[in-house]
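Step one of this worksheet: look at the structure below.
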2 protein chains.
Amino acid sequence: MSQNLTQQLTHTLGEAIVKGEYPIGKGMPSEAVLCVQYEISRSATREAVKMLSAKGLISSRPKQGITVNPESQWNLFDTDVLGWILKSKPSLHLLKEFTQVRFGIEPLAAKLAAQNATPEQINHIEDALHRIAQSQAGLEDELDAHINFLNMILVASGNRFFIQLTQFVNAALRVSIRYTNNVKGVSNTDVTFHLKVFEAIKQGDANTAQTLVSDVLIDALALIESRL
Amino acid sequence: MSQNLTQQLTHTLGEAIVKGEYPIGKGMPSEAVLCVQYEISRSATREAVKMLSAKGLISSRPKQGITVNPESQWNLFDTDVLGWILKSKPSLHLLKEFTQVRFGIEPLAAKLAAQNATPEQINHIEDALHRIAQSQAGLEDELDAHINFLNMILVASGNRFFIQLTQFVNAALRVSIRYTNNVKGVSNTDVTFHLKVFEAIKQGDANTAQTLVSDVLIDALALIESRL
DNA sequence: TACTTAACAATTATATGATAAATCATAATT
DNA sequence: AATTATGATTTATCATATAATTGTTAAGTA
């Protein structure tokens, strides 16, 4: 379980912070206290503190001690931070906000993929399509297959920021599925839908690709709104 | 200049990594080497390494040493990482990709702002509008005023991820301006344009707000494409 | 041969103790 | 009252030692 103490403490504290166990502004025990509390050395503690400060959760200065940063400074696009939030205080509100980001990004990514995808990337998308088909025959995990399909599109967009978001989207999708309780919330389950998206991208039909993805996400948002 | 050695080394190494000075896969000196190279202690070195690994740039494991992660694992939405990239190898391609992200986010943020902004947030946007007017009279920095206006809209969207992106957008805008050499690349300079956006948001006209912002970014993208 | 196991080496991970530097609060001084 | 010392607190840094992890190699075994 415990790979190393620094990582362990980083995650423990990270979760505790996003859970709100330490008040914003000035609410963390000093290094010395953390040492004895978690029974590890000061070097390990300091390294965990550095990690958390690199993720924007805290800052530490002499005399002032370790302070929890306001949420606006947290790096929500860090998969660790996002994971801690999803784990500690998941909510439909957060899911909605997350889906709004998807709504901003994914249709555009599909459009760009239709315009820029290399033959190799199109093959990857086609492979992902087959995996979805197999998953519906029970040969593979359905969620994994859907996420993979989405990933390949993001990669094919050629935009490094979108590619970076694959990890972000993946992390959150695995949680959101627990809320909507069906894959519909993640993506249309219909194979023909994915086929259409693939065809549009392959044929360079940017507008169709964009609209298809956009429509699914509008449905997903409506579903979330209805449960809010 | 050098507030503390850990931060200093973090930035030095971070820049060097994104600059490609260390090959991907396996290309960093060991801790021991970094110590003597930069003439600082091992603990400071380790803390810098932890920070960089928290940002996804590197990973370190026993025997294997410190390895540079593939770019896909870098946290591009971390303002430090983004800053290092923009500083070390700025390019029109990156600016284009960045503007595509803006195109995905900002029109949607404007739409959400029109739907959800609180009266206080609307006041903030109005204040920002006045700052823009003053900036064109030479009373304030024009870029600052434009960025501030944008920030207020992102905040008014009520979406935490969009709010988080303010820092991201700000960091990049200050660089992109150097390329396009005019504020047009950042946002329409016409005051009446900003006034229109503000009015749309104030009156809850989501579609107009969205379209206005969208159109400006389409122009910006076209401008970048033309110079590519 | 192919596969497991054991010993070894290299490197990070952790621990410990000591000193330095920065900052806040307070007291002294002008 | 304003400024300047002083002290206390906490992080920042350093130095060194030991442990734990992992890749490599070699030996042993079926």
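Residue numbers begin at 1 in each chain, while the letters A, B, ... track the order of the sequences.
The nearest whole Å value for the distance from the CD atom in Gln7(B) to the C1' atom in dA21(C) is 15 Å. If you take CD of Glu31(B) and C1' of dT16(D), they are 14 Å apart, rounded to a whole angstrom. One interatomic measurement links the two molecules: CD of Gln64(B) to C1' of dA10(C), which rounds to 12 Å at whole-angstrom precision. Rounded to whole Å, atom C1' of dA13(C) lies 14 Å from atom CD of Glu47(B). Distance, Lys63(B) NZ to dT25(D) P: 8 Å, rounded to whole Å. Atoms CD1 (Ile40(A)) and C1' (dA13(C)) sit 11 Å apart, rounded to a whole Å. Rounded to an integer number of Å, the gap from CZ of Arg46(B) to C1' of dA13(C) is 5 Å. Remark: P of dA13(C) and CD of Gln8(A) are 14 Å apart, rounded to the nearest angstrom.
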* Is there a side-chain contact (heavy atoms from CB on, under 4.5 Å) between Phe98(B) and Asn159(A) once you walk through the steps? -> CA-CA 8 Å; Phe98(B) 167 70; Asn159(A) 183 305; over 6 Å; no

* Verdict with reasoning, Ile153(B) to Phe198(B), per side-chain contact (heavy atoms from CB on, under 4.5 Å) -> CA-CA 9 Å; Ile153(B) 291 177; Phe198(B) 166 68; over 6 Å; no

* Asked: Can Leu82(B) and Leu76(B) be said to form a side-chain contact (heavy atoms from CB on, under 4.5 Å), step by step?
  -> CA-CA 6 Å; Leu82(B) 183 66; Leu76(B) 297 182; 5.6 Å; no

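Comparing Ala44(A) and Pro62(A) against DNA chain C, the residue whose closest nucleotide sits nearer the 5' end is Ala44(A).
Taking only side-chain nitrogens and oxygens, Thr6(B) comes nearer than 4.0 Å to OP1 or OP2 of dT13(D). In this structure, Ser41(B) reaches the dC14(D) phosphate: one of its side-chain N or O atoms is under 4.0 Å from OP1 or OP2. A sub-4.0 Å separation between OP1 or OP2 of dT11(C) and a side-chain N or O of Ser60(B) is absent.
Looking at the side chain of Ser43(A), the nearest of the listed nucleotides dT16(C), dA13(C), dT10(D) is dT16(C). Of the candidates dC24(C), dT12(C), dT13(D), dT12(C) carries the atom nearest the Arg42(B) side chain, counting heavy atoms from C-beta on. Side chain of Asn4(A), nearest nucleotide from dA15(C), dT14(C), dC24(C): dT14(C). Of the candidates dT11(D), dT13(D), dT12(C), dT13(D) carries the atom nearest the Leu5(B) side chain, counting heavy atoms from C-beta on.
A salt bridge links Arg174(B) with Asp144(B): the distance from a Lys NZ or Arg NE/NH1/NH2 to an Asp or Glu carboxylate oxygen falls below 4.0 Å.
To the nearest 0.5 angstrom, Leu86(B) atom CG is 11.0 Å from Thr79(B) atom OG1.
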